[in-house]
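Numbering starts at 1 and runs along the sequence shown. Computed over heavy atoms, backbone and side chain alike; hydrogens, waters and symmetry mates excluded.
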Amino acid sequence: QVQPVESGGGLVQAGGSLRLSCAASGRTFSNYAMGWFRQAPGKEREFVAAISWSGRNTYYADSVKGRFAISRDNTKNTVYLQMNSLKPEDTAVYYCAASNAPTMKEGDYRYWGQGTQVTVSS
């Protein structure tokens with residue numbers, strides 16, 4: 001099992017960049033696909049990006065394609081979300097989660113972090 005812990009959230013101006021990190025405990029990290037989800041106030045949680053256990057396959061929501069990049073370093077048990085050209089609509093709590101396969105579906109992710117707040121001002 002893994003226990004994801006997110007960090008790197010904060011306040012940033014529109015057009016700026018932010019890098020989120022998700023550290024996972026244990027030595028089974030490399031066996032899991034990892035995903036990022038986000039939830040804005042009053043809205044449903046939505047898929048952002050996912051990466052396979054090997055890092056060779058990545059997936060993105062249309063809303064972040066070309067602006068965000070997911071990556072992982074299995075030697076450090078860490079997955080990253082590089083966010084560029086941020087928009088106010090990117091404001092949300094961002095969650096890191098682990099699954100046995102890369103997918104856009106929340107229900108396929110077994111382990112979830114506590115979330116980190118990202119606020120983009122206009």
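No path of Ile, Leu, Val, Met, Phe, Trp and Tyr side chains, each step under 4.5 Å between heavy atoms, connects V2 with Y80, placing them in separate hydrophobic clusters.
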Carefully, step by step, assess W53 and N31 under the rule side chain to side chain contact (heavy atoms under 4.5 Å, CB included).
-> CA-CA 6 Å; W53 67 268; N31 293 329; 5.8 Å; no

Apply side chain to side chain contact (heavy atoms under 4.5 Å, CB included) to the pair Q82 and L20, showing each step before the final yes or no.
-> CA-CA 6 Å; Q82 178 66 47; L20 305 183; over 6 Å; no

Steps toward side chain to side chain contact (heavy atoms under 4.5 Å, CB included) verdict (Q13, V120) | CA-CA 5 Å; Q13 190 175 22; V120 184; over 6 Å; no

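Considering only heavy atoms from C-beta on, Y109 stays 4.5 Å or farther from M34 through its side chain. Between V79 and W36, some side-chain heavy-atom pair lies under the 4.5 Å cut-off. Put simply, the side chain of L86 reaches to within 4.5 Å of the side chain of F68, judged on heavy atoms. Inter-residue side-chain proximity for V12 and T119 is flagged as unmet; no heavy-atom pair is nearer than 4.5 Å. Counting heavy atoms from C-beta on, the side chains of V93 and T116 never come closer than 4.5 Å.
Rounded to the nearest 0.5 Å, atoms OH (Y32) and CG (N77) are 12.0 Å apart. Rounded to the nearest 0.5 angstrom, L81 CG and R38 CZ are separated by 9.5 Å. In this structure, CD in E106 is found 4.0 Å from CZ in R45, a value given to the nearest 0.5 Å. Taking CG from D73 and OG from S30, the interatomic distance works out to 11.0 Å, rounded to the nearest 0.5 Å. One distance of note links CD1 of I70 with CG of N57; it measures 11.5 Å at 0.5 Å rounding. Between the NZ atom in K87 and the OG atom in S122 there is a gap of 13.5 Å [rounded to 0.5 Å].
Counting only residues at least two apart or in different chains, disulfide (SG to SG under 2.5 Å) contacts with residues 68-122 comprise C22-C96.
Side-chain atoms of Q114 come within 3.5 Å of backbone atoms of E6 as a donor-acceptor pair (strictly under, hydrogens ignored).
Minimum interatomic distance between Y60 and A69 (heavy atoms only, all atoms of both residues): OH-CA, 3.3 Å.
Two rings, from Y95 and F37, have their centers 6.0 Å or more apart.
Checking T103 against D108 by side-chain atom types alone, a donor-acceptor pair falls below 3.5 Å.
Remark: R19 engages no residue in a side-chain hydrogen bond (donor to acceptor under 3.5 Å, both in side chains) (not counting sequence neighbours). For R72, there are no salt bridge (charged side-chain N to carboxylate O under 4.0 Å, His left out) partners at least two apart in sequence or on another chain.
No more than 12 heavy atoms of other residues, nucleotides or ligands sit less than 6.0 Å from atom CZ of R110.
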